[in-house]
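Structure first, then comments.
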Amino acid sequence: MRIKVINPNTTASMTAKIGEAARSVAAPGTEIIAVNPENGPVSIEGHYDEAVSGMALLEEIYRGEAEGVDGYVIACFGDPGLLAAREVATGPVLGIAEAAMHAASFIATGFSVVTTLGRTKIIAEHLAHAYGMDHFCRAIRACELEVLALEDEGSDARRIITEECLRARDEDGSGAIVLGCGGMADLAKAIEADIGIPVIDGVTIATKMVEALVGCGLGTSKHGDLAYPLPKPYAGAFAGYAPKPRVRIHETKYA
């Protein structure tokens, strides 16, 4: 089984960390292909960044389809381009926010999301509503850390995030914490040991969920709105983004 884990920003050190997290839980025989686009923002910290990164993300999905990849993880907590990626992909595509929130609802009656900048909280709120998690999500908390602070070994990021997770546990009454950034993938176990409740990293959870879906022979439905994009020309600077002919090494029964 081959799973492509896509960091939609262009920071290679974060991609390496995300890939390591995915490989730490992958089953024997599962190949993790961790990549980031060559073009786009160095970090994703708002609606604009998400919109720009989405096009480069789709290029990575197209490459994966041509290479016969079995499934995909979008390793950004805003789940940018998720539904568009599902239109393009034959296999399952999971976003780390969707995967982490559902996993938290399996093991606790309420969870808090601890994320980076306050300006991104509304994105997580919208996702919690879209995923039917309103009943479980007790709070979305921001540490006011820039995403790239997570890549700075000299920063105080781990302490700041841990303290916010403690506040979430004690003030929100949450039984689990969801880490709201792919760049936090290496922190979950250490923070869990510090605060004594489950701390969920969406990269690892999404990886295992994709494994499970592929293992059960399930791919993305191609009936209705997730059918392959309609072929048509695109004009001007976006001509290169016109829906591409499908090229797959292997197909699923849903193709």
If every non-hydrogen atom of [X] is compared with every non-hydrogen atom of [Y], which pair is closest and at what distance?
| X | Y | value |
| --- | --- | --- |
| V42 | N9 | O-CG, 3.3 Å |
| D172 | A139 | OD2-CB, 3.2 Å |
| C165 | I177 | SG-CG2, 3.7 Å |
| A97 | D79 | N-OD1, 3.0 Å |
| K222 | A227 | O-CB, 3.5 Å |
| I18 | G182 | CG1-O, 3.6 Å |

Taking [X] for its side chain and [Y] for its backbone only, find out whether a donor-acceptor pair lies under 3.5 Å.
| X | Y | result |
| --- | --- | --- |
| T220 | G91 | yes |
| S221 | H223 | yes |
| R169 | I195 | yes |
| T30 | M1 | no |
| S155 | E151 | no |
| E144 | L117 | no |

Item to complete: List the steps and the verdict of salt bridge (charged side-chain N to carboxylate O under 4.0 Å, His left out) for R63 and E67.
Response: CA-CA 6 Å; R63 289 192 188 101; E67 295 163 357; over 6 Å; no
Worksheet item: Does the pair E98 and R86 meet the rule for a salt bridge (charged side-chain N to carboxylate O under 4.0 Å, His left out), with working shown?
Response: CA-CA 14 Å; E98 183 178 29; R86 285 176 175 162; 2.8 Å; yes
Worksheet entry | Candidates L94, V93, D70 - the one meeting side-chain contact (heavy atoms from CB on, under 4.5 Å) with L213 |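 Passing option: L94.
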State whether [X] and [Y] are salt-bridged, where the test is any N-O pair (Lys NZ or Arg NE/NH1/NH2 against Asp/Glu carboxylate O) under 4.0 Å.
| X | Y | value |
| --- | --- | --- |
| E125 | K121 | no |
| D194 | R158 | yes |
| E171 | R141 | yes |
| K4 | E60 | yes |
| K208 | E211 | yes |

Item to complete: Could you give me the CA-CA distance, side-chain angles and deciding distance for E20 and K17, then say whether salt bridge (charged side-chain N to carboxylate O under 4.0 Å, His left out) is met?
Response: CA-CA 5 Å; E20 184 177 346; K17 179 197 306 182; over 6 Å; no
Worksheet item: About how many Å separate OH of Y228 and CD of E87, when rounded to the nearest 0.5 Å?
Response: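 OH of Y228 is found 11.5 Å from CD of E87.
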Worksheet entry | Point-to-point distance, once rounded to the nearest 0.5 Å, from CG of L148 to OG of S43 | 4.5 Å
Worksheet entry | Joint cluster assignment, I200 & I96, ILVMFWY side-chain distance < 4.5 Å |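 Yes, I200 connects to I96 through the hydrophobic network.
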Worksheet item: With hydrophobic residues grouped by side-chain heavy-atom distances under 4.5 Å, do V113 and L166 end up in a single group?
Response: no
